[in-house]
Amino acid sequence: HKSVSRNDLRLADLKPRLGKTSLIMSLVSEEFPDDVPLRAEEITIPADVTPERVPTHIVDYSGNNSNVTVHHNSAGLLGIDMFSLTQVTSHWIPLINDRTDKDSRVPLILVGNKSDLVEHSSMETILPIMNQYSDIETCVECSAKNLKNISELFYYAQKAVLHPTGPLYCPEEKEMKPSCIKALTRIFKVSDLDNDGILNDNELNFFQRTCFNTPLAPQALEDVKNVVRKNVTDGVKNNGLTLKGFLFLHTLFIQRGRHETTWTVLRRFGYGDDLELQQEYLFPLLKIPVDCTTELSHNTYLFLQSVFDKHDKDRDCALSPEEVKDLFKVFPYMPWGPDVNNTVCTNDQGWITYQGYLSQWTLTTYLDVQRCLEYLGYLGYSIICEQESQAAAITVTRNKRIDLQKKQTQRSVFRCNILGARGSGKTSFLQAFLGRNLQKQRKIREDHKSFYSINTTYVYGQEKYLLLHEVMPDMDFLSEADLACDVVCLVYDVNNPRSFEYCAKIYKQYFMDSKTPCMVIASKSDLHEARQHYSLTPLDFCRKHKLHPPQPWTCNTVDAPGKELYTKLTTMAMYPKDIRCGRLIQICSHHAKLRCMCSCNWCTFCICQNILRSQLLRTIKAKFYRVILNRLGDVWASLLADEERSLIQQVHGVRNVEESIYMESSVDPCVAQPRHMAQANLKSSTFWLRASVGATVFAVLGFAMYRAIIKQR
């Protein structure tokens, strides 16, 4: 319905006084006119009073006109006198035969007027004529005088325009046209959510709700299957509808005059009157402000994951070439070439892995969001996810300036442009990001190489995508696309004495005064380092311009190259201001194990680390330990002295019984033992009380200092 803005109905005859003007007058006034003009004025019926909700424009052709033309996008109504049907037929048949291109013919409706003057029906005479001329959509008998079938006549006229039979069905061959079969086959594959070649009950109900906003009753569903079973072999399999049965149902709908059912399905899945996907469906409106990027939403990743699982039949978390072809059967062309396998991660067989599959979609969204919308349209994203359009699949990030002001970002994809002289190792740096050493890179064909690579890294424990783009060396000019990135990587060959000069000139010409962070990579570090033919050494150049020292790197390894440099690049892209101030410190190995590559010196983690490593805290800790050890030594010495004194007193008590009795009657020396022990315990408990109070005070002061620093940050 969206593709038809107005419905033009042209009433034409080659013989006067057949009642076409009376039909129009009876429709408008709802009564038969006593005085009929030679020609009725053009009338437009509003959309809100028509069943199809489309405005209808009615044009009356006078019989005095020498030429009768039926324009495109209109339905021609041929008025036929019921009394002289065979005579008039010789007049209107040439009108059909003389029309031009068969595919561009507009639908016709054959109308038998003045049925009130006859007692019999002429349908038996008209049906052979309808079968002979496929342009005739339907035949209606009516009466302007009795108001018989007047509204039905114009309803069928609207239906012939909105739901034409011509693009769907070939009456001569009695089967659907190839373009219709192709469209319905794609609809079947999109609706087959588990990719088993069968529409089960759940998938059929989802299809029914999607197209007609109502589910099928269980009995109605069984009736449909029974009809297919009786007419088509292999139309129903495992109690589900196959593609053969699905196509048969639509053929049956068309043959029984219910072609509006097929058109409803086609238009719901984005097809127009030419049975091609409409531009409005493939490319919905999406506004992207300046300095903003495009990413896939979380629900879109879930949808793409379901598509991957749907076609990964062997469950090896990778798509073989056959599985990739099966995935893109709903596309009119193959969107991924052999270069994709060298852009994302693959397994040992060279097949795209699950992570590489998501990375390629992320790359397409970032570089060409319109193409991504088109691809999602072919996959039926808006249908399966029940969204208004594919635009709901895209997340537009906020302006980069806001990220810089707030010192935090919500983005997940960051772009790094790789610049360097020819032969400096830029391509190897891209491929190493995908886990390929030099030996594996040599197996890549030259025509299959890619200028992009994308993979995931972890920053602060969060998964981020880093997109690497190799920029071709050109000293004269760098385009805006070459300069638009989040971080720049300048690569030079340590074995080539003229390699660093290119990096230095590029930096001074384009990036010295920009806010884009830069990192210098000393590639091929396994080779002998040659003296660079430049006024400054790479290390002195980096110190002069407050850059980080050149990072040594090589892919000539036995195992897969490490990802530490790529994590540093992602961190620099996320926090460019702090990185340019020289706050990127060396990453610890235990940080890497924890996947926390923090090096900014202003987050909570770095503040706590700096406090723990401070000289003041170390001094306090040393003194605290010294006091504890001294106290423990005093307590231990006092305990030993008390034990020794107790033993001496016991020996004296044994030697002198009389003295013991006397002491027992007066003052017993043994009474001193518990007194001395009580004093030692009192001293020990006092010490631990003081230690506990001191530790508590120290903890409170430390927490207050931590809160003050965090609040200031």
Side-chain angles (χ1 to χ4, degrees), residues 1-4 52-54 162-169 176-200 202-216 224 240-254 258-285 299-300 303-304 306-307 310-311 326-333 335 370-393:
H1 297 70
K2 295 180 180 179
S3 61
V4 181
E52 299 292 344
R53 298 296 177 182
V54 176
L162 298 175
H163 312 298
T165 310
L168 305 179
Y169 189 74
M176 289 188 297
K177 292 185 177 180
S179 57
C180 182
I181 295 176
K182 180 180 178 181
L184 291 175
T185 301
R186 173 187 166 269
I187 293 174
F188 179 87
K189 289 184 175 296
V190 170
S191 303
D192 186 11
L193 301 180
D194 53 7
N195 197 32
D196 60 350
I198 299 172
L199 295 183
N200 55 39
N202 293 331
E203 292 168 344
L204 283 173
N205 272 313
F206 179 79
F207 173 82
Q208 181 75 12
R209 291 196 309 270
T210 300
C211 298
F212 306 102
N213 297 323
T214 178
L216 277 174
V224 170
L241 201 63
T242 64
L243 175 61
K244 192 174 181 180
F246 183 76
L247 295 176
F248 166 77
L249 277 180
H250 285 280
T251 303
L252 189 63
F253 290 150
I254 297 171
R258 293 176 54 190
H259 37 273
E260 67 274 8
T261 302
T262 302
W263 274 115
T264 302
V265 172
L266 290 169
R267 288 183 173 128
R268 180 65 183 91
F269 279 80
Y271 289 92
D273 294 340
D274 56 354
L275 295 185
E276 296 290 341
L277 289 174
Q278 295 179 296
Q279 296 296 308
E280 295 81 3
Y281 170 78
L282 292 176
F283 305 102
L285 181 62
N299 291 333
T300 310
F303 168 76
L304 294 174
S306 66
V307 174
K310 173 180 175 180
H311 294 87
D326 184 56
L327 190 152
F328 291 121
K329 278 185 178 179
V330 295
F331 285 57
Y333 57 88
Q370 292 297 323
R371 187 176 296 272
C372 178
L373 292 174
E374 179 187 2
Y375 291 171
L376 291 174
Y378 292 138
L379 292 176
Y381 170 82
S382 60
I383 307 296
I384 303 302
C385 296
E386 301 181 13
Q387 298 290 338
E388 185 176 353
S389 68
Q390 288 84 255

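All of these numbers come straight from a predicted model, not from anything done at the bench. In this chain, residues are counted from 1 in sequence order.
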query = Are W263 and L162 side-chain neighbours, meaning at least one heavy-atom pair lies under 4.5 Å?
reply = no
Backbone N/O of A393 and side chain of N299: donor-acceptor pair under 3.5 Å = no
key: Minimum side-chain heavy-atom gap L193-N202 below 4.5 Å   = no
key: Residues that H311 engages under ring-ring contact (aromatic ring centres under 6.0 Å, His included), provided they are two or more places apart   = none
message = Test your reading of the model: is there a side-chain donor-acceptor pair from K310 to the backbone of L327, 3.5 Å cut-off?
response = no
query = Any side-chain heavy atom of E203 sitting closer than 4.5 Å to one from L241?
reply = no
query = For the side chain of D192 and the backbone of G197, is there at least one donor-acceptor N/O pair under 3.5 Å apart?
reply = yes
query = Can you tell me if Q390 and S382 form a side-chain donor-acceptor pair at under 3.5 Å?
reply = yes
key: Within-4.5 Å side-chain heavy-atom neighbours: M176 and T262   = no
Side-chain touch F303/Q387, heavy atoms, less than 4.5 angstrom = no
ask   = Would you call F269 and F207 a side-chain contact if the rule is heavy atoms closer than 4.5 Å?
value = yes
ask   = Is there side-chain contact between L275 and L168, with heavy atoms separated by less than 4.5 Å?
value = yes
query = Roughly how far, to the nearest 0.5 Å, is the OG1 atom of T261 from the CG atom of L252?
reply = 10.5 Å
Quiz: residues 371-381 side-chain donor-acceptor pairs under 3.5 angstrom, not counting sequence neighbours:
residue : atom : partner : partner atom : Å
R371    : NE   : D368    : OD2          : 3.3
R371    : NH1  : Y375    : OH           : 3.4
E374    : OE2  : Y333    : OH           : 3.0
E374    : OE2  : Y378    : OH           : 2.8

ask   = Between the side chain of H163 and the main-chain N/O of H259, is any donor-acceptor distance below 3.5 Å?
value = no
inquiry  = Within the structure provided, determine whether V307 and I384 are in side-chain contact (heavy-atom separation under 4.5 Å).
reply    = no
inquiry  = For a side-chain contact (heavy atoms from CB on, under 4.5 Å) check, start with the C-alpha distance between T251 and Y169, then their side-chain angles and the critical distance, and finish with the verdict.
reply    = CA-CA 8 Å; T251 303; Y169 189 74; 4.2 Å; yes
ask   = Taking only residues two or more places apart in sequence or in another chain, which ones pass salt bridge (Lys or Arg N to Asp or Glu O under 4.0 Å) with R268?
value = none
ask   = Aromatic rings F188 and F246: how do their planes relate, parallel, tilted or perpendicular, breaks at 30° and 60°?
value = tilted
